S.K.: 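For reference, the structure I am asking about is given below.
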Amino acid sequence: MLKLNFHPSGRHFLQIPGPSPVPDRILRAMSLPTIDHRGPEFGALGLELLSKIQKIFKTENPVIIYPASGTGAWEAALANTMSPGDKVLMFETGHFATLWHKMALRLDIQPEFLGLPGYEGWRHGVQADMIEARLKEDTNHELKAVCIVHNETSTGVTSDIAAVRKAIDAAGHPALLIVDTISGLASADYRHDEWGVDVTVSGSQKGLMLPPGISFNALSPKAIEVSKQAKLPKSFWAWDEILEANKNGYWPYTPSTNLLYGLNEALDMLLDEGMDNVLARHQRWAAGVRAAVAAWGLEIQCLDPLVYSPVLTGVVMPEGVDADAVRKIIYERFDLSLGMGLGKAKGKMFRIGHLGDCNDLTLIATLGGCEAGMKLSGVNLKGSGVTAALDYFAANPLNAGER
């Protein structure tokens, strides 16, 4: 029989930037008996969920919930708004932006990829001025959407979505703004309505602290109107049937009932704490981890402090050091899982997740494992990142109401 829990004594440290650890409170909620997804209890649950999730996206408009991964929600966003051969503008900020680009090609969409060149281009956020310039050139309005990754999980860069909205408006262009905040939601500041986003894509396994298996499309009235004319084939992903069923708290197919129990519990946890407090503690954790990286004398993957991610930090290894080999030693010796470098960053860096169900001591232990593993790997460190992070957390305590 396959052995799934093979870790030694103590708790495994899952410090990848998603899936993030699932709190016991959510696991208990998911263990409740499955109910009839056509019965009155479920309808009440559905209506409650659909109301609460709007508060997380900061929207008064509909949020579609799919029994799917974030990749499914990517496809749903495109399938409901595009027709075969439509052109979209995408910006390359990292590995997940490139995967979304690849999906667009498979869906018979024509994506145009803007970006800064080479690996160094993956160390910066979206350049809104480049988007504005390209849209001004598109006088026939052939580009139907601008697709942006908000928090690029592969690089630790959180792009300025409000600036992209301003760029589209400054160009006087009617393109939809479609944003992936799969790893940003409930960890990094996100404002669907205020920022004028037409479709926001997200998933359950990051800041929402759930297992993978739920994803979202938050909509704007403009996106809903566009969807009525979109010609790409869709059935499972179609917004119209889901929006109609959601009016009474139901879905047009069997939803992931027990994951929805968990989602309801997660939303209660976040809203009880207060989203301002949730976002503040993520910023604090990120600053503590960055203090550790600075003390080690290593580079952070993101080169622009204005767009440092509160969700994860990419740690660049010195020239000649294989980051994956360092990760392997850390995993084997200290039962600590870190994110690997993806795409152009493979072997150059590892990623420390600091999101969701976490606390100061979790991160101190994580940094201790990283520091010890790098020393075992022969990485020359200037100083102790653990001490630097301890000092930062001590000097910057949690505010009242935070946890």
Side-chain angles (χ1 to χ4, degrees), residues 16-23 26 49-74 76-77 93-94 96-97 100 125 147-154 156-162 164 177-220 259-260 262-283 285-286 307 309-312 353-358:
I16 62 176
S20 63
V22 181
I26 292 176
L49 278 171
L50 292 166
S51 174
K52 290 176 183 175
I53 194 63
Q54 289 176 305
K55 296 179 174 66
I56 307 300
F57 282 92
K58 296 184 180 176
T59 182
E60 296 182 359
N61 295 301
V63 178
I64 301 285
I65 303 177
Y66 291 108
S69 70
T71 304
W74 271 352
T93 49
F96 291 96
W100 204 4
C147 300
I148 302 295
V149 175
H150 171 227
N151 188 80
E152 178 55 75
T153 325
S154 66
V157 174
T158 303
S159 289
D160 187 343
I161 301 303
V164 176
L177 175 55
I178 304 179
V179 178
D180 162 2
T181 189
I182 290 172
S183 61
L185 189 72
S187 300
D189 187 24
Y190 192 80
R191 310 176 192 185
H192 177 85
D193 285 0
E194 182 180 331
W195 292 345
V197 182
D198 292 299
V199 187
T200 298
V201 174
S202 196
S204 59
Q205 73 275 21
K206 311 279 187 174
L208 291 176
M209 304 176 289
L210 289 162
I214 293 181
S215 59
F216 309 91
N217 278 180
L219 313 181
S220 74
L259 280 174
L260 294 178
L263 176 60
N264 195 43
E265 195 71 19
L267 295 176
D268 282 346
M269 292 172 70
L270 293 166
L271 295 173
D272 288 349
E273 182 179 353
M275 286 308 299
D276 287 346
N277 291 329
V278 171
L279 300 179
R281 67 177 159 84
H282 280 85
Q283 290 287 357
W285 288 337
V307 291
S309 174
V311 180
L312 72 141
H354 33 78
L355 72 161
D357 189 36
C358 197

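Remember, predicted model here, so these are calculated numbers, not experimental data.
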S.K.: Grab the two heavy atoms, one from V157 and one from S309, that are nearest each other, plus how far apart they are.
M.R.: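 So the minimum-distance heavy-atom pair works out to N-CB, 4.1 Å.
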S.K.: Quick one: CG on D189 to CD on E194, what's the gap to the nearest 0.5 Å?
M.R.: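 Rounded to the nearest 0.5 Å, the CG-CD separation comes to 8.0 Å.
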S.K.: Please report the interatomic distance CE(M275) to OG(S187), rounded to the nearest 0.5 Å.
M.R.: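 M275 CE to S187 OG: 8.0 Å, rounded to 0.5 Å.
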S.K.: Checking Q54 side chain against V63 main chain: does a donor-acceptor pair fall under 3.5 Å?
M.R.: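 Not confirmed, Q54 side chain does not pair with V63 backbone.
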S.K.: Rounded to the nearest 0.5 Å, what separation is found between the CG atom of L270 and the CD1 atom of I56?
M.R.: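 Answer for the CG-CD1 pair, L270 versus I56, is 5.0 Å.
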S.K.: Short question: side chain of D198, backbone of I178 - any donor-acceptor pair under 3.5 Å?
M.R.: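 Between the backbone of I178 and the side chain of D198 there is no qualifying donor-acceptor contact (under 3.5 Å).
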S.K.: If we ignore hydrogens and angles and just use 3.5 Å, is the side chain of S215 paired with the main-chain N or O of A68 as donor and acceptor?
M.R.: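 Yes; judged by distance alone, with no hydrogens or angles, the pair exists.
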S.K.: Are the side chain of Q205 and the backbone N or O of G213 linked by a donor-acceptor pair below 3.5 Å?
M.R.: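 Answer holds: no.
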S.K.: Are any side-chain N or O atoms of S20 and backbone N or O atoms of K206, one a donor and one an acceptor, separated by less than 3.5 Å?
M.R.: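 Such a contact is found between S20 side chain and K206 backbone.
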S.K.: Tell me whether D357 contacts the main-chain N or O of M209 through its side chain, where contact means a donor paired with an acceptor under 3.5 Å.
M.R.: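 Looks like no, no N/O pair under 3.5 Å.
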S.K.: Evaluate the side chain to side chain contact (heavy atoms under 4.5 Å, CB included) criterion for residues I182 and T153: first the C-alpha distance (whole Å), next the side-chain angles of each, then the deciding distance (0.1 Å), finally the verdict.
M.R.: CA-CA 9 Å; I182 290 172; T153 325; 5.9 Å; no
S.K.: Do T200 and F216 come close enough that some side-chain heavy atom pair is under 4.5 Å?
M.R.: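 The answer is no; the side chains never approach within 4.5 Å.
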S.K.: Is there a side-chain contact between P212 and S69 in this structure, where contact means two heavy atoms from C-beta onward sitting under 4.5 Å apart?
M.R.: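 Not touching, per the 4.5 Å side-chain cut-off.
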S.K.: Hey, could you give me the OH/CG distance between Y66 and N217, rounded to the nearest 0.5 Å?
M.R.: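 Output value for this atom pair is 4.5 Å.
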S.K.: Parallel, tilted or perpendicular, judged at 30° and 60°: which one describes the rings of W195 and Y190?
M.R.: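 Aromatic pair W195/Y190 classed perpendicular.
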S.K.: Considering only heavy atoms from C-beta outward, does the side chain of L208 approach that of L267 to under 4.5 Å?
M.R.: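 In contact.
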S.K.: Which distance, rounded to the nearest 0.5 Å, do you find between the OG1 of T59 and the CG of L219?
M.R.: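 Going from the OG1 atom of T59 to the CG atom of L219 covers 8.5 Å.
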S.K.: To check you understand the geometry: which heavy-atom pair defines the closest contact between I26 and A266, and what is its length?
M.R.: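 So the two residues come closest at CD1-CB, 3.6 Å.
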S.K.: Checking the side chain of S204 only, and the main-chain atoms of P211 only, is there a donor and an acceptor separated by less than 3.5 Å?
M.R.: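 Confirmed, S204 side chain pairs with P211 backbone.
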S.K.: Do L263 and L259 make a side-chain contact, defined as non-hydrogen atoms from C-beta onward lying under 4.5 Å apart?
M.R.: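 When only atoms from C-beta onward are counted, L259 and L263 do not touch, as no gap falls below 4.5 Å.
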S.K.: What closest approach, in Å, do N264 and K52 show between heavy atoms, and which atom pair accounts for it?
M.R.: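 Smallest interatomic distance, heavy atoms only, reads OD1-NZ, 2.8 Å.
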S.K.: Of the non-hydrogen atoms in A218 and F57, which two are nearest, and what is the gap between them?
M.R.: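 The pair with the smallest heavy-atom distance is CB-CD2, 3.7 Å.
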S.K.: Atom CD1 of I214 and atom CG of L260: how far apart are they, to the nearest 0.5 Å?
M.R.: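 Nearest 0.5 Å value for the CD1-CG distance: 4.5 Å.
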S.K.: For S183, which of T158, N151, L355 qualifies under side-chain contact (heavy atoms from CB on, under 4.5 Å)?
M.R.: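 Only one option passes, and that is N151.
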S.K.: Can any side-chain N or O of H354 pair as donor or acceptor with the backbone N or O of Q283 at less than 3.5 Å?
M.R.: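 No; zero donor-acceptor contacts below 3.5 Å.
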S.K.: Any side-chain to backbone donor/acceptor pair from S202 onto T181? Under 3.5 Å, distance only.
M.R.: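 Yes; at least one donor-acceptor contact below 3.5 Å.
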S.K.: Search all heavy atoms of G125 against all heavy atoms of S159 and return the closest pair with its distance.
M.R.: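 Smallest heavy-atom distance, with atoms named: CA-OG, 3.4 Å.
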